[in-house]
Amino acid sequence: MRYLHLKKSPGHHILLLFHLKINEIQKKIANFALRDKECVIRSEQCNTQMQFTVAQIAAMVGGSIEGNPEAMVSAFAKIEEGHPGAISFLANEKYTHHIYTTGSTAVLVSRDFKPEHPLETTLIRVDDPYSTVASLLEMVAKIVEPSPIGIEQPCFIAEGVEIPEDAYIGAFAYIGKGVRLGKGVKLYPQTYVGENSEIGDGTVLKPGVKVYHGCKIGARCVLHSGVVIGGDGFGFAPHDGHYHKIPQLGNVEIADDVEIGANTTVDRAVMGSTRIGRGTKLDNLIQIAHNCSVGSDTVMAAQAGVAGSTHIGSSCMIGGQVGFAGHIKVGDNVQIGAQSGIPADVPDNAKVMGYPAVDYPTFARTTIHLKNLGDLYTRVRNLEKSNKKNSKDNEPTHS
């Protein structure tokens with residue numbers, strides 16, 4: 001690895017080292033043996049390991065150090081599982097007690113963190129430990145994760161499809177007629193891209209992703225294994241005691257910077273498009289039905305289900321196993337607690353939970369009442385018995 005001596009800040013120096021390291025790895029990753037329009041990958045195994053001093057990491061993230069700036073860091077670890085050479089973070093006060101016993105060499109903490117006991121570890125104080133560790137992980141991933149380039153065989157690429165020089169097509173991939181691939185696309189083994197689909201620059205389809213015909217996926221998206229984009233929506237018309245399939249002639253359009261978790265499905269529209277907005281993140285095992293739309297920068301946890309023609313706004317936070325009825329509208333900046341049922345429209349900025357979903361304070365009160373329902377029933381039952389007994393005692397006697 002080359003070191004340059006520049007009259008610049010430590011932050012500039014470290015970022016330059018990152019770029020140099022990335023360039024060295026990229027040169028190693030793939031040498032092509034061109035054969036007609038195909039190339040065979042010959043990837044070298046790069047045993048690249050993260051290794052930085054605490055001072056270098058602090059320079060990268062704009063942090064201040066309390067402890068040993070020359071301590072070496074070569075791994076990440078949860079604070080409760082820390083070990084020498086690891087860096088951890090403290091973003092949740094429930095884990096504060098671990099900082100006094102952690103084996104990690106360094107810990108990212110907030111600038112206002114005040115230790116109550118002596119510390120063995122070195123602190124790096126930052127504005128937001130959680131976002132900082134996310135940025136660090138992203139930078140290191142660019143160095144240590146493999147980045148294959150080229151075309152593995154066997155695979156099928158329809159005639160006329162242009163494969164960018166920096167793309168990767170894994171073994172047993174299928175690319176249909178009329179497909180358009182952006183620069184730096186990576187299609188891992190056993191992916192399927194149907195006819196006339198579009199995959200934007202830098203998008204990654206992990207092994208086993210299926211993109212049906214005519215669908216459009218934007219730039220810098222990540223689709224994890226088992227994702228199905230553009231399968232038929234659940235459309236059947238009852239007639240004479242039977243169900244007849246309604247053709248699903250639309251498509252799916254996914255905007256830039258979307259990430260979709262394993263085994264999530266986004267169904268194609270009956271007509272028009274099912275749409276996922278820019279920057280939205282969908283967890284594993286989510287069902288988005290036909291003709292739905294999800295706005296930008298919305299996050300949705302696992303096992304949520306969205307029925308047909310429902311529209312969810314931007315910047316929403318949706319918990320796991322939330323179920324949405326069809327043909328409803330959920331506004332922007334909405335927060336929905338896990339396992340909620342959404343049968344009707346939800347306005348902007350609402351915070352709801354429960355089945356059917358109600359606002360947070362109402363849900364909290366209802367939960368307390370339900371918890372006390374058994375005792376309340378017993379009290380009412382006893383009052384009824386007492387009242388009945390008193391009524392009999394007070395009945396007039398007839399001589």
Side-chain angles (χ1 to χ4, degrees), residues 128 130-131 134 138 200 202-206 209 211 215-224 226-231 233 250-269 272-360 363:
D128 182 351
Y130 192 76
S131 62
E138 183 178 359
T203 285
V204 177
L205 306 188
K206 296 291 188 177
V209 170
V211 179
C215 293
K216 298 179 181 180
I217 299 175
R220 301 174 303 279
C221 295
V222 179
L223 277 59
H224 291 276
V227 166
V228 178
I229 303 298
N251 72 343
V252 173
E253 293 186 358
I254 296 175
D256 298 342
D257 301 305
V258 170
E259 183 155 350
I260 301 180
N263 295 317
T264 284
T265 57
V266 183
D267 290 347
R268 71 192 312 111
S273 300
T274 302
R275 292 187 171 89
I276 307 296
R278 185 204 60 78
T280 283
K281 316 299 180 187
L282 304 180
D283 198 0
N284 304 333
L285 297 166
I286 289 172
Q287 158 68 8
I288 307 293
H290 57 196
N291 288 96
C292 289
S293 67
V294 180
S296 61
D297 296 306
T298 284
V299 291
M300 188 179 300
Q303 297 186 342
V306 186
S309 298
T310 282
H311 303 285
I312 298 173
S314 297
S315 302
C316 295
M317 299 176 66
I318 298 165
Q321 296 186 332
V322 172
F324 294 84
H327 303 274
I328 63 173
K329 181 178 180 180
V330 176
D332 297 335
N333 303 302
V334 170
Q335 296 181 21
I336 303 176
Q339 295 189 322
S340 296
I342 312 298
D345 292 354
V346 180
D348 292 348
N349 305 309
K351 298 179 180 181
V352 299
M353 189 172 187
Y355 181 82
V358 293
D359 62 87
Y360 280 2
F363 177 81

Identify all side-chain donor-acceptor contacts of residues 325-333 below 3.5 Å with residues at least two apart in sequence or on another chain.
| residue | atom | partner | partner atom | Å |
| --- | --- | --- | --- | --- |
| Asp332 | OD1 | Ser314 | N | 2.8 |
| Asn333 | ND2 | Asn349 | OD1 | 3.4 |

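Side chain of Lys281 to backbone of Asp257: a donor-acceptor contact under 3.5 angstrom is found. Judged by distance alone, with hydrogens and angles left aside, the side-chain atoms of Ser273 form no donor-acceptor pair with the main-chain N or O of Gly250 at under 3.5 Å. The closest donor-acceptor contact from the side chain of Ser309 to the backbone of Cys292 lies at 3.5 Å or more, if one exists at all. Within the 3.5 Å criterion, the main-chain N or O of Gly354 finds a donor-acceptor partner in the side chain of Ser340.
Evaluated for a side chain to side chain contact (heavy atoms under 4.5 Å, CB included) with Val306, the options Thr274, Ile288, Val266 yield exactly one hit, Ile288. Each of Asn251, Ile260, Thr264 was scored for a side chain to side chain contact (heavy atoms under 4.5 Å, CB included) with Ile229, with one residue passing: Ile260.
The side-chain heavy atoms of Ile217 and Val258, taken from C-beta on, include no pair separated by under 4.5 Å.
Rounding to the nearest 0.5 Å gives a distance of 5.0 Å between NZ of Lys351 and CD of Gln335. Atom CD1 of residue Ile318 and atom CG of residue Asp283 lie 12.0 Å apart, to the nearest 0.5 angstrom.
Contact detail for Gln339 and Gln321: the closest heavy-atom pair is NE2-OE1, 2.6 Å. Nearest heavy atoms, Ala255 versus Gly277: CB-C, 3.7 Å. The two residues Ile286 and Met300 have their closest heavy-atom pair at CD1-O, 3.3 Å.
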Legend entry - side chain to side chain contact (heavy atoms under 4.5 Å, CB included) between His224 and Glu259, worked out: CA-CA 8 Å; His224 291 276; Glu259 183 155 350; 2.8 Å; yes

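Considering only residues two or more places apart in sequence or on other chains, Gln287 meets the side-chain hydrogen bond (donor to acceptor under 3.5 Å, both in side chains) condition with Thr265, Asp267. For Asn284, the side-chain contact (heavy atoms from CB on, under 4.5 Å) criterion is met by Ala262, not counting sequence neighbours.
Using a 4.0 Å cut-off between charged side-chain N and carboxylate O, Arg278 and Asp297 make a salt bridge.
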